[in-house]
Amino acid sequence: MSERPAFYITTPIYYVNDVPHIGHAYTTLACDVLARFKRLDGYDVMFLTGTDEHGQKVEKSAEKAGMPPQEFCDKVSARFGQLAEAMKFSNDQFIRTTEPRHRVSVQRLWQVLEEKGFIYEDSYAGWYSVRDEAFYSEDELSEGEGGEKQAPSGAPVEWVEEPSYFFRLSAMQDKLLELYEDQPDFVMPKSRLNEVRSFVSGGLLDLSISRTSFSWGVPVPGKEGHIMYVWIDALANYLTAVGYPDEESDSYKAFWPANVHMIGKDILRFHAVYWPAFLLAAELPLPHRVFAHGWWTNEGQKISKSLGNVIDPFELIESYGLDAVRFYLLREVPFGNDGDFSRTSFVQRCNADLANGIGNLNNRTLGLIVKNCDGAIPTHNELSSEDNELLTKTDVLLDEVRNHMDNQAFHKAFEAIWKVASDADSYISVEEPWKLKKTDTERMKTVLYVLAEVIRQLAILIQPIVPDAAGRLLDGLGISVKERSFAFLGADHRLVSGTTIIKPDVIFPRLEMPVVDGDTE
Ligand code: ME8
């Protein structure tokens, strides 16, 4: 087994009822940035994503597409695989709930819950939403515009009556409340923890965990006609991927329990109530954290297929380039809050922080080195207090960024990094190395050395966010691949004078403002 500390991070597994959109890309991107960050910081990372392929919603979508469910799942799941490639997600696994290993795992989990006395047979009579794949009690429903009943999410509900097995969720109330008390970081952000706590404090009903009115799911072991409720099936994917039910396997021992289950706020109850309840009942260790991020709207509107305003991540990458997409999504909105996607803010943000920011800094610095220092990292003379100040800010950046990343405060991590980039910009404006060529070449060399060193460290730090651009920056400075981990940050590893540099082509292209209806220009 690895000597390095382990870090296990998961995305929700996405329903294959529809093609991926920006919301799916967002969650997986957040995990990817964290996974890449942890790898560079010396961790043995397991980063899991995948697709949720059973249940009524998927069965109905397959029917609508006129395809057998498995064939339909194969087709849509492949599209999520393509998204992972296009976004350069570095996931270690892509799990599908129709895989045989998953059937073994979730059936075993069921048996354990049954052996421990948490499952009993009865029948369900109540409301169900296929879109949410969720049961709702009468008092959770509201009336839609036409007087029809609807779920809190706005999804339609239908009355269901069928034989069903139940999980004794009601018995878990106290244990769950204890969990939220003892492990206050179990649910983040804090506002979400309060939401969960108040839901659980209100009392829990037992949960229907098998269905009999359709057949697209994992069969309940030994109970003919019952398939598992899609959420017990789906949640168990996090265990399957690391080897459950083989609790002695290296990967289970290394990676379970998960460090972070990243989700959107829509599926908080499933992850922060049902999932720990299943695990507590099965006497399995609990994950350290469930982080529920906010919701994207598109130019102020809910993103939905019926409104025709779904943002296609493939199109965005095509239009703006991958680095810009990755940067914008995590920089624009404080992670955890809701966010509104707008092409204008996209272009403004990327031009200000990427093209004008780090891109311009690199362009100016390497341009001057090529022109005035024979294309090699210059030697520096004695450092001034301004030089030392900027270098020290850079040297201590990792600690601050790490702290933000450990709290999934991506926007704060980015802010800290870009603050140093902007300090470097102020430094170059004050020092004016282009003028020093004529007056003091030794000082010019020192200033350019300091700037190149700051760029080296910034480039190492932004690898998780904009991997392509960071790679080009580091190539330009002649930094070998093995010198790109965080172990090479700080004052112990400086740029080696004399290293040949290559001024790269544009690192962050300037983006065109979108043409808005009514614009005359
Ligand atoms: O819920 N803004 O799958 P799903 C931000 N299969 N994030 C969004 C978003 C938006 N507008 N739209 C979707 C399921 N997401 C289950 C999960 S896990 C054991 C099973 C993201 O395909 C966000 O992460 O409906 C949300 O939680 C997820 O997609 C829902 O994906």
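We use all heavy atoms of the structure for the numbers below, so side chains are in, but hydrogens, waters and symmetry mates are not. We count ligands from 1, going down the list as the structure has it; atoms in each ligand are counted the same way. From a predicted model like this one, the values you see are computed outputs, not experimental measurements.
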**Prompt:** What is the closest protein heavy atom to atom 17 (C) of ligand 1, and at what distance does it sit?
**Reply:**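 Atom 17 (C) of ligand 1 sits closest to the protein heavy atom I13 O, 3.1 Å.
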**Message:** Starting from atom 25 (O) of ligand 1, what is the nearest protein heavy atom, named by residue and atom, and what distance separates them?
**Reply:**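 Heavy-atom neighbour on the protein nearest atom 25 (O) of ligand 1: Y15 CD1, 3.4 Å.
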Are [X] and [Y] linked by a side-chain donor-acceptor pair shorter than 3.5 Å?
| X | Y | value |
| --- | --- | --- |
| R343 | S319 | no |
| S137 | E140 | yes |
| S61 | Y15 | no |
| D132 | S153 | yes |
| T212 | H226 | no |

Residue part near ligand 1, for [X], under 4.0 Å between non-hydrogen atoms:
| X | result |
| --- | --- |
| H293 | side chain |
| M262 | neither |
| F270 | neither |
| K265 | neither |

**Prompt:** Are F118 and F278 close enough that their ring centres sit under 6.0 Å apart?
**Reply:**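 Centroid separation for F118 and F278: 6.0 Å or greater.
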Less than 3.5 Å between some nitrogen or oxygen of [X] and one of ligand 1, yes or no?
| X | value |
| --- | --- |
| I303 | no |
| Y238 | no |
| I263 | no |
| H271 | no |

Suppose I only count heavy atoms of [X] and a 4.0 Å limit; which atoms of ligand 1 are within that range?
| X | answer |
| --- | --- |
| I267 | 1 (O), 17 (C), 27 (O) |
| A234 | 19 (C) |
| T27 | 21 (C), 23 (C), 24 (O) |
| D52 | 6 (N), 16 (C), 20 (C) |
| D266 | 26 (C), 27 (O), 30 (C) |
| H21 | 9 (C), 12 (N), 13 (C) |

Is [Y] close to [X] at the side-chain level, that is, under 4.5 Å between some pair of heavy atoms?
| X | Y | result |
| --- | --- | --- |
| F135 | V160 | no |
| D74 | Q70 | yes |
| F7 | L34 | yes |

**Asked** If you measure from atom 9 (C) of ligand 1 to every heavy atom of F341, W295, Y14, W296, which option wins on shortest distance?
**Response**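 That would be W295.
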**Message:** Against ligand 1, does G294 come closer than 4.0 Å with any heavy atom?
**Reply:**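 Judged by the 4.0 Å heavy-atom criterion, G294 does count as contacting ligand 1.
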**Test applied, ring-ring contact (aromatic ring centres under 6.0 Å, His included); reference residue, Y26; option that passes from F410, F335, F341, Y328** =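 Result for ring-ring contact (aromatic ring centres under 6.0 Å, His included) with Y26: F335.
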**Request:** Mark yes or no for whether T97, through its side chain, and E53, through its backbone, hold a donor-acceptor pair below 3.5 Å.
**Result:**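 Answer holds: yes.
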